[in-house]
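Comments concern the structure below.
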2 protein chains.
Amino acid sequence: MLDSTSRKPDTRERLLELAESAVLAKGFAATSIDELVAAASISKSGFFYHFKDKGELAEAMMQRYIAHDKAVLDDLFQRADELNDDPLHGLLVGLKLFAEMMANLPEVHPGCLAASFCYQDQLFNKKIRDMNAASVLGWRKRFRARFDAIVAKYPPKQPVDLEALSDMAASNVEGGLILGRMLKDVTILPRQILLYRDLVRLTFQPS
Amino acid sequence: MLDSTSRKPDTRERLLELAESAVLAKGFAATSIDELVAAASISKSGFFYHFKDKGELAEAMMQRYIAHDKAVLDDLFQRADELNDDPLHGLLVGLKLFAEMMANLPEVHPGCLAASFCYQDQLFNKKIRDMNAASVLGWRKRFRARFDAIVAKYPPKQPVDLEALSDMAASNVEGGLILGRMLKDVTILPRQILLYRDLVRLTFQPS
DNA sequence: GGAACCAGTGTACCACGGGTACAGTTTGCG
DNA sequence: CGCAAACTGTACCCGTGGTACACTGGTTCC
């Protein structure tokens, strides 16, 4: 039986986890299958049982990463919406929760797999690049829907590029991750999120 | 004689240029010395005449990239300052020029080498990582100086995290580059820059 | 006009690691 | 028992980074 205390090691999942940290540290090409199987304590053949080649590993990594990313955001904004009915305040609360979550990480965030893949995209097939694009369009759509609700209630004083403002959620997180890593400073990302929150507030909140 | 019409091909520079595009497309590890020498039409020995190993190539690439990056920004803000004496308006003009420059690129920007290296930083030695950190601190310092001048003349209505606001210049560009690449949309980066400009304006401009 | 030097070429070689192929084996389960 | 899932073991090929070293064509200095 497979209950929560199952001894089943779920090798495939372990490989994906190991691969993700390695890729975020060294890039995909420099991440060797040998090092993954050594760390997972399986044989090289065992790897090829789970993934027919390295490309399939990449595909599974992206799938896993995107699903996890979506689940975190879904949960975050669901909690924010439970605290509030107003679309603007809901978003502001959500961004605050997001910033707090990122501030409470024990060490500097290891980075975004989508960004890593983006900067090595010639290594991957079209399917993977499309998944990547779809995931960032997911962020755009998610935030755009909220901004559409917000403008209906709080018409901005000046014209706003709502698509760019929606994209800035993802853009600013990606940038914050990079700066945080470069400077080894865990505070950069949460502060960038709060600054984005300020922009949203200044744009829509009646003064 | 070496004049401006010199036939001197400057092999080293060509190698660095080729390496930069290749690394931005595939990452450093996947960029082989053999492909570079083939593209530059020299022999492998020729490569090792210029760089003692691949690590030295990486170092030279970063040096070149950072110098170029600095030169572009210096030029940009020098032009902006010539148009204006006011610190706030000078920055706003500079950001507008920056956005226009990015909007006029013929195709989607190939990306930031510092970000690429950041996402593969375990491949590089401490010296290179330090150069990378120093370059982003350069952005912070540059913008922080401008904001310090701005707050003196335009005290903001609400407290502002000036360091985060300075970092956001780099952060938002990094993010805009990534989103632009992922979605193959050249308009994303300039619109992100204009949005950052809006935040600066909203933060300091008396209403 | 020869020596020194710059910017390479050509050839040969090696170790390592990624990746492929495929047959064989253990483990859990109905 | 029988079967499938989840592997193991072995053998092999090739690309890549890197070393070693002898050589060369052009330029400049004296």
Side-chain angles (χ1 to χ4, degrees), chain A residues 1-23 25-61 64 116-117 120 122-125 128, chain B residues 1-23 25-62 64 117 120-125 127-128:
Chain A
M1 65 183 287
L2 288 177
D3 60 17
S4 57
T5 63
S6 166
R7 304 286 161 266
K8 181 94 187 306
D10 205 346
T11 306
R12 188 187 150 96
E13 181 64 20
R14 248 169 54 237
L15 284 171
L16 289 171
E17 177 65 39
L18 287 163
E20 186 170 318
S21 358
V23 167
K26 304 184 299 190
F28 186 75
T31 297
S32 76
I33 295 175
D34 278 350
E35 83 182 81
L36 296 178
V37 302
S41 304
I42 62 165
S43 68
K44 203 168 175 176
S45 315
F47 174 89
F48 287 104
Y49 171 77
H50 289 290
F51 308 100
K52 81 172 217 286
D53 58 20
K54 220 184 170 192
E56 209 170 79
L57 170 71
E59 210 173 303
M61 287 173 72
R64 190 184 99 109
S116 170
F117 275 34
Q120 304 167 63
Q122 289 311 299
L123 299 177
F124 307 112
N125 60 33
I128 293 179
Chain B
M1 64 184 285
L2 288 176
D3 58 17
S4 58
T5 62
S6 167
R7 303 287 163 267
K8 182 92 186 306
D10 206 346
T11 307
R12 186 187 151 96
E13 180 64 20
R14 247 169 54 238
L15 283 170
L16 289 171
E17 177 65 38
L18 287 163
E20 186 170 317
S21 355
V23 166
K26 304 185 298 190
F28 186 75
T31 298
S32 76
I33 294 175
D34 278 349
E35 88 181 78
L36 296 179
V37 302
S41 305
I42 62 165
S43 66
K44 201 169 175 180
S45 316
F47 176 89
F48 286 104
Y49 171 77
H50 290 289
F51 308 100
K52 81 170 217 288
D53 59 20
K54 218 185 172 192
E56 210 169 77
L57 171 70
E59 210 173 303
M61 288 173 71
M62 266 317 288
R64 190 184 99 109
F117 275 34
Q120 305 167 63
D121 61 6
Q122 289 312 300
L123 299 178
F124 307 112
N125 59 34
K127 183 174 176 188
I128 293 179

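Convention: sequence-line order gives letters A, B, ...; per-chain numbering from 1. On a predicted model such as this, the values are computed, not experimentally measured, just so you know.
- Look at CG on B/Leu123: it is 12 Å from P on D/dG17, rounded to the nearest Å.
- Between B/Ala22 and B/Glu35, the closest heavy-atom pair is CB-OE2, 3.9 Å.
- Note that the OG atom of B/Ser21 and the CD atom of A/Gln122 stand 11.5 Å from one another [nearest 0.5 Å].
- When all heavy atoms are compared, the tightest approach of B/Ile128 to B/Asn125 is N-OD1, 3.0 Å.
- Taking atom CD1 of residue B/Ile33 and atom C1' of nucleotide D/dG17, one finds them 6 Å apart after rounding to whole Å.
- Going from atom CE of A/Met61 over to atom CZ of A/Phe117 covers 4.5 Å, rounded to the nearest 0.5 Å.
- Rounded to whole Å, atom C1' of C/dG8 lies 18 Å from atom CD of B/Glu13.
- When every heavy atom of A/Glu17 is checked against every heavy atom of A/Arg64, the shortest pair comes out as OE1-NH2, 2.8 Å.
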Taking distance alone, no hydrogens or angles, what donor-acceptor pairs closer than 3.5 Å link side-chain atoms of residues 47-60 of chain B to residues at least two apart or in another chain?
from	atom 1	to	atom 2	distance (Å)
B/Asp53	OD1	B/Gly55	N	3.1
B/Asp53	OD1	B/Glu56	N	3.0
B/Lys54	NZ	B/Phe28	O	3.1
B/Lys54	NZ	B/Thr31	O	2.9
B/Glu56	OE1	B/Lys52	N	2.9
B/Glu59	OE2	B/Lys127	NZ	2.6

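- Against DNA chain D, the stretch residues 36-47 of chain B makes heavy-atom approaches under 4.0 Å through B/Lys44.
- Taking side-chain N and O atoms only, A/His50 has a distance below 4.0 Å to OP1 or OP2 of D/dC7.
- Summarising the geometry, the separation between CG on A/Asp10 and C1' on D/dA5 is reported as 13 Å, rounded to the nearest angstrom.
- Between A/Lys52 atom NZ and C/dT20 atom C1' there is a gap of 13 Å when expressed in whole angstrom units.
- Scanning both residues, A/Val37 and A/Ser43, for their nearest heavy atoms gives CG1-O, 3.7 Å.
- The minimum heavy-atom distance linking B/Leu15 with B/Leu36 is given by the pair CD2-O, 4.1 Å.
- Atom pair A/Phe48:CZ and C/dC22:P shows a separation of 14 Å (rounding to whole Å applied).
- The shortest distance between the side-chain N/O atoms of B/Ser32 and the OP1/OP2 oxygens of D/dG15 is not below 4.0 Å.
- Residue B/Tyr49 places no side-chain N or O under 4.0 Å from the OP1 or OP2 atom of C/dG8.
- Of the residues in residues 53-62 of chain B, not one places a heavy atom less than 4.0 Å from an atom of DNA chain C.
- The distance between atom NZ of B/Lys26 and atom P of D/dT16, rounded to the nearest whole Å, is 9 Å.
- Between B/Arg12 atom CZ and C/dA7 atom C1' the separation is 13 Å, expressed in whole Å.
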